[in-house]
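Written out below as structure tokens is the structure these notes cover.
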Amino acid sequence: MRVEAATIPIRERTIGECHDLAFVFLRAQLPTLLGLIAILATPTLFAAWWLASESDTGLLSVAFLYFMVSPLVGAAIVVAAGHLVFGDAIGVRGTLGTVLRRLPALITVLVISRLAILAGAFALVIPGVLIVLRFAFHFEAMLLERQPLSQVGRRTLSLLRGFWKLLEDFLRTQVYHGVLIVTIFVLVDRGSELLFDAPILAGRLPTDSTGLFFDSLVDHIAHDPLVVTTLLAVTWLTYPAARLAWFFRYLDVRIRRECWDLELDFKVEAQRLEGVS
């Protein structure tokens, strides 16, 4: 799957088409992407079990852990996907090497963006979402375009024209990821119960009272180490599909915007030459 072998449409790709491309790419490059997830995300599973066992906040602590770590995992996916799309099989080791070389800049952007998002979220949910999108293409600009840290913000702004459409696509991607998480978790839960007689959630809930059922459901999801850790594992397994969809959205935006700018430059130059002649 290489860009030079692809047909680039003039029209804007829908986010649904980006998701389709993400699954095609995921199927073709599954070993590399699963290797990255295994190396980068496995430590968070042990941390999730410990947090759910030792902390009263349980799921909230694990959600915050995912909130902080997922951009770095996403950066690795962006590096691998960016090289593979252009025909350069970088592999797991090469991907991690590229991420480590830019790690100080990545951590700087990570801390700034996460603090800004948290501040926006505490103020109101909607400003938090707007701030998330403000940083949505930062890692692509840093790792694929190799923009210096001082220029990343300006470069991202140049790609965010049509902000509200991109915001809609971003929210749809998050909803899509959420549906994937719930679907896969239910399959894992039922499969574990039917195949190994080891239910994770549903088979451990009381069924004699609706009130007790929902109270137990909330308590297990919020505090049970097995449920919380399984949820995080499923989240990591489905994360590449969502992150790749947004990566292909970035490619679509960049190709269409920059080709449009190039066309405008040619028109300006053609008018200048007509004036000279």
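Here the structure is a predicted model, which means the values were calculated and not measured. For the numbers below, each heavy atom of this structure counts, side chains included, while hydrogens, waters and symmetry mates do not.
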What residues form a salt bridge (charged side-chain N to carboxylate O under 4.0 Å, His left out) with Arg243, not counting sequence neighbours?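 Glu140.
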
If we ignore hydrogens and angles and just use 3.5 Å, is the side chain of [X] paired with the main-chain N or O of [Y] as donor and acceptor?
X	Y	answer
Thr14	Glu17	yes
Ser192	Val188	no
Asp189	Ile200	yes
Ser61	Thr57	no

Could you note down all residue pairs passing side-chain hydrogen bond (donor to acceptor under 3.5 Å, both in side chains) where residues 31-43 supplies at least one of them, sequence neighbours left out?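 Found none.
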
Determine which pairs satisfy side-chain hydrogen bond (donor to acceptor under 3.5 Å, both in side chains) with at least one residue from residues 199-211, sequence neighbours left out, and list them in order.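 For residues 199-211: Arg204-Asp224.
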
Provide the full list of salt bridge (charged side-chain N to carboxylate O under 4.0 Å, His left out) pairs with a residue in residues 95-119, sequence neighbours left out, each pair given once.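 Non-adjacent pairs meeting salt bridge (charged side-chain N to carboxylate O under 4.0 Å, His left out): zero.
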
What pairs with [X] under side chain to side chain contact (heavy atoms under 4.5 Å, CB included), at least two apart in sequence or on another chain?
X	result
Ser158	Arg155
Leu115	Val111
Ala76	Leu36, Leu40, Thr95, Val99
His177	Tyr66, Ile181, Thr235, Thr238, Tyr239, Ala242

Sequence-distant partners of [X], ring-ring contact (aromatic ring centres under 6.0 Å, His included), two or more places apart:
X	answer
His220	none
Phe247	none
Phe185	none

Would you say the side chain of Leu59 lies within less than 4.5 Å of the side chain of His223, judging by non-hydrogen atoms?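 The answer is no, as the side chains (C-beta and beyond) never meet within the 4.5 Å cut-off.
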
In Å and rounded to the nearest 0.5 Å, what is the [atom1] to [atom2] distance from [X] to [Y]?
X	Y	atom1	atom2	result
Leu180	His19	CG	NE2	8.0 Å
Phe170	Leu167	CZ	CG	8.5 Å
Ile90	His83	CD1	NE2	4.0 Å
Leu171	Ile15	CG	CD1	10.5 Å
Ile184	Thr230	CD1	OG1	13.5 Å

For the pair Lys165 and Glu168, find out whether any cationic side-chain nitrogen is under 4.0 Å from an anionic carboxylate oxygen.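 Looking at Glu168 together with Lys165, the answer is no, because their closest N to O distance does not fall below 4.0 Å.
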
Verify the neighbour count for atom CZ of Phe214: are there more than 12 heavy atoms of other residues, nucleotides or ligands below 6.0 Å?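 No, CZ of Phe214 has 12 or fewer neighbouring heavy atoms, counting only those of other groups under 6.0 Å.
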
In the hydrophobic clustering that connects Ile, Leu, Val, Met, Phe, Trp and Tyr at side-chain heavy-atom distances below 4.5 Å, which members other than Phe196 occupy its cluster, ordered by chain and number?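 Via sub-4.5 Å side-chain contacts, Phe196 links to Leu195.
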
Taking atom types as modelled, is there a side-chain donor on Tyr250 or Arg254 under 3.5 Å from an acceptor on the other?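 Yes - a donor-acceptor pair under 3.5 Å links their side chains.
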
